[in-house]
Amino acid sequence: MSGEEFVPLSLTPLLIGIFAAVACALPGNFLVLRRQALIGDAISHVVLPGIVVAFLITGAISAWPMMLGAAGAAVLAVVLIELIRRMGKIEPGAAMGVVFTSMFAFGVLILEVSDTSTVHLDVEHALYGNLESLIWLDATGWASLFDIDALRYLPPELPRMAVTLVVVLAFTLVLWRPLKIATFDEGFAQTMGIRTEALGMGLVIIAAIAAVAAFDAVGSIIVIAMFICPPAAARLMTDSLEAQVMWSVIFAITAAITGYVLAGYGPLWLGGNDAVSAAGMIATMSGVILALAALFGPRRSRTGAPSEA
Amino acid sequence: MLWDALLLQLGYNATLVAVGATLLGIAAGVTGTFLFLRKRALVSDAISHATLPGVGLAFIVMVLLGGEGRNLLGLLIGSAISAGIGLLCLNWLTRNTRLAEDAAIGAVLSVFFGFGIVLLTVIQSMSIGRQAGLEGFLLGSTAGMLWSDAVVIAIGGAVVLALITLLRRPMTMVAFDPEYAMAQGLPVNRIDLAMMGLVMAVTVVGLKIVGLILIVALLIIPPVTARFWTERAERVVLISGAVGGLAGYVGVAISASAPNLPTGPIIVLVSFVLFAISLLLAPGRGALAVLIRHLRFQRQVHMRQGLLALAQGQPIYESLTLRILRRAGLVRADGVATDAGKGRAAKALRDEKRWEVARADQAHEAAAQLYDGLRDIETVLTQDQIADIDRHIGGPQGIPA
C-alpha cells in the first residue's frame, strides 16, 4: 500500500490501537499476578455514568471534563465496593459485581432518557469505540509526518494516548522493584519498608488512567481484553517477571496490528466489501494468542502449587 | 400508567413479559445464591458475555438457511451453545493452565464478547436490507416484543425454576460445604456443572429482557441483598428469590410505563434500590442496626465507668459520661451523685469486686470467661454463688459517703 493511502487512513488508528494495548497490558501484568484481573472489567463499566454525567453537565464532548467524570466515578466505585465489603462482610467479587453493574445500568439509563442524539455518544460507542474513524485526513503521505500544518490536525486521541502510555511506562519503570517484590511477597515487602497498600492503590489508579484514556479512544472491550489476555498469555511463556512483561508487550502489539489489519482487509480478502469492528477483532486476536499460549506455551501448566477447587 | 403496568393492565404481551421477568428474577436470585455461596459470582459475567457470538452465528446461520434470522428460539439456542463453549474454555483454562480463575473469567469474557461484536458488524454489512435488531440483546428490550417471544421467555423462566426446585438440596449442600458434600458421596463436580448450567439457562432466558451485559446483576445483587437479612443458607435462597422476582416484576412495569426506559437497566436499578434499603435498614448487619448497637455499647461503657468513678469519689470530666448519668437521674447538674446514683455506684463497685473474686476462683472459670467489664454478674452466676462470693468479700468497708 502506498503512503498516500496508509498514512491518513491507517497509521493513526493503528498507532492509537498499539498505544492503548500496551498501556493496558503493562499494569495488567501485575493485576493478573495479584489476582485482581477483573479490576479492568469493573473500571471500564463504572466510567460510563461518569462520562455521561460529565457530558450532561458541560453539554459537549470534550476530553477533560469527561476524564474527570470518569475518574470521579471510578473513585466512587472503589469507595462503594469497600463499604459493601466491610459492612456486609461480602466477598470482594460479589461486592464488585453489585457496584459495577448498578453503576453501568445507571449510566445506560441516563444516556437513554437524556437527549444525546445530536452527538456521538451511545452505548455501542462506549462498548466498542470507534477506532476506524480516528483518521488523519490532512496527511498526504509519509512526508506529512514532518509537516507542522498537517500534524496540527492529528486526531487528539493520538497524543493523549501517547502521553498515557508514557505515564504508565514511567510508573512501571520507576516503581519496578517495589512492585515486583510486593506482587510476589507482600509480607516481605512490608518488612522492607515498602508501603504496600499505597502501592496497590497506585497500581489501581494507573490502571484506571490507562482504562479511561483507552476507553475514550477504543471502547471498553479492548480495555478489558488488553488488561488480561496479553499478560495471561505471557504468564504461560515464562517464569521471570521481566520476560513476562516483554512478552505481554509483544503480544499486545501483535494483537493490535493483526486485529486491525484483519478487521480492515480480512473481509476484502474473503470477497466482502465492508470492514468489521476493529475493536472486536483486536480482542479476538488477543484471545487467539492466549489460546495458542495455553496450548503450546512452555510454562503453561501449574507446577508446585496445588490447584484450587 | 405505572399503576396500570403494575396491575398488569397493559395488554396481553406486557402481562406475559411481566410474568416472564418475575419468573426469571426468582430463578436468577435463587441460582445466584448458590454461585454467591460458592464464591464464584463473577463466573456468571463470563458466561453471559460468551452468549454474544452464539446470537450472531445463529442469526447468520438462520439467514443463510433462508429462514427468519430473528427467530428468538433459534437465537437463544445459539447463545446457549456459545455460552457452554465459553464455560468449557473457562474450566479448561483454570484446570489445565496456571492461570487463576479471575484471569480466565476476564479472558473468556472479553474475547467472546469481542468476537461477538465482530459478528454483529458482519451482520450489519450483510445484504439483508434491514437492521437485525440484535443490539437489543446487549441491554435488553421488551418494546415491540412478539407474542411468541413472550411465550418463549415465560416458559423458559418456568422451566428453569422447576429445575432449580429439583436440584436445590444437593446444590445447597455443595454451595455451603463442598467437603462435607463430597464426604456424603455427592458428585460435587457434576453438581457444580449443573449449577453452571442453570446460570447459563438463566442468562439465555434473560437475554431478551435484561440483556447480556446486565444479566449478571440479577445473579449477584439479590443474593448479596438477602445476605443482609439472615445468616441461614436456606433463608438466603428464599429471600434472594423474592428480591429477584420483585425486581423483575417492578422493573418491567416501570419500563413499560413510559417510552425510552430500557428494561434491563431499570430492573438492575430496582434491585439495587432493594439492596441499598437492605444495606441501611436490615436488622443485624444493616448500617442503622450497626450504628444503634455501637451507640448502645458506648452508653453502657460510659455508664459503667461513670458509676465506678462515683463510687470511688473521683471527679468525672468526660462530658458524655456526665450527660448519660444526669439523664438517668444518677447525678445532679453539678456532678454530685443523687441518692439513686450513690446506690447504683456502690452496687457497681461491689459487682466489680465480686467479679474479681469470681475470676480468681477456678470454680467459676466458665463464668469468668464471660467477663467483659459490662456484663451484670447476676446474669452468669446464681444467687447462691454470689452469696458465697459475698461471704469472701465481707461487709461494706470504707466506701466513701
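Heavy atoms only: backbone and side chains are in, while hydrogens, waters and symmetry mates are out. Residue numbers begin at 1 in each chain, while the letters A, B, ... track the order of the sequences.
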- Message: For the OH atom on B:Y180, are there more than 12 heavy atoms of other groups (residues, nucleotides or ligands in this structure) within a distance under 6.0 Å?
- Response: no

- Task: Check each atom of B:F228 against the heavy atoms of chain A and say whether the ones under 4.5 Å are side chain, backbone, both or neither.
- Result: side chain

- Roughly how far, to the nearest 0.5 Å, is OG of A:S301 from CG of B:N96? 9.5 Å

- Most heavy-atom pairs under 4.5 Å with chain A, out of B:V108, B:L109, B:L138, B:V216, belong to B:L109

- Message: Can you tell me which portion of A:F227 sits under 4.5 Å from chain B's heavy atoms? Options are side chain, backbone, both or neither.
- Response: neither

- Out of curiosity, A:F100 CZ to B:D45 CG, how far, rounded to the nearest 0.5 Å? 4.0 Å

- From the list A:A283, A:G280, A:S286, A:A232, the residue making the most non-hydrogen contacts under 4.5 Å with chain B is A:G280

- Note on the structure: Answer key: most heavy-atom pairs under 4.5 Å with chain A among B:I117, B:D102, B:T97 is B:D102

- Grab the two heavy atoms, one from B:S110 and one from A:A225, that are nearest each other, plus how far apart they are. OG-CA, 3.3 Å

- Do the non-hydrogen side-chain atoms of A:T101 and B:I220 ever get within less than 4.5 Å of each other? no

- Greatest number of heavy atom pairs closer than 4.5 Å to chain A - which of B:L214, B:N189, B:D192, B:L120: B:L214

- Test item: B:L261 and A:E112 side chains (from C-beta on) under 4.5 Å apart, heavy atoms: no

- Minimum side-chain heavy-atom gap A:I90-B:F36 below 4.5 Å: yes

- Item | Per-residue contact mode, A:L290 against chain B (heavy atom under 4.5 angstrom) | side chain

- Task: Report yes if the side chains of A:I84 and B:F275 come closer than 4.5 Å at any heavy-atom pair, otherwise no.
- Result: yes

- Note on the structure: Scored by heavy-atom pairs under 4.5 Å with chain B, the best of A:D41, A:V32, A:V288 is A:D41

- So which of B:A41, B:P262, B:S278 has the largest heavy-atom pair count under 4.5 angstrom toward chain A? B:P262

- B:A100 and A:R35 have their tightest heavy-atom pair at CB-NE, 3.4 Å

- Task: Under the side chain to side chain contact (heavy atoms under 4.5 Å, CB included) rule, what do B:V290 and A:M87 come out as? Steps first, then yes or no, please.
- Result: CA-CA 9 Å; B:V290 170; A:M87 275 177 42; over 6 Å; no

- Which heavy atom in B:V111 sits nearest to a heavy atom in A:C229, and how many Å separate them? CG2-SG, 3.6 Å

- Message: Going by side chain to side chain donor-acceptor pair (under 3.5 Å), name the pairs with one or both residues in residues 282-294 of chain B, residues two or more places apart or in two chains.
- Response: B:E231-B:R285

- Where does A:M96 contact chain B at under 4.5 Å (heavy atoms): side chain, backbone, both or neither? side chain

- Item | Shortest non-hydrogen contact from B:G114 toward A:T284 | C-OG1, 3.7 Å

- Task: Spell out, as yes or no, whether a donor-acceptor pair under 3.5 Å connects the side chain of A:R235 to the backbone of B:L99.
- Result: no

- Task: Check whether B:I266 gets within reach of chain A through its side chain, its backbone, both or neither, counting any heavy atom under 4.5 Å.
- Result: side chain

- Item | Nearest heavy atoms of B:A103 and A:I228, plus distance in Å | O-CG2, 3.3 Å

- Task: Give, as side chain, backbone, both or neither, the part of A:A279 having an atom under 4.5 angstrom from any heavy atom of chain B.
- Result: neither

- Message: Looking at every heavy atom in both B:L93 and A:A294, which two are closest together, and how far apart are they?
- Response: CD2-CB, 3.9 Å

- Item | chain A contacts, top residue of B:L219, B:I213, B:L35 (heavy-atom pairs, under 4.5 Å) | B:I213

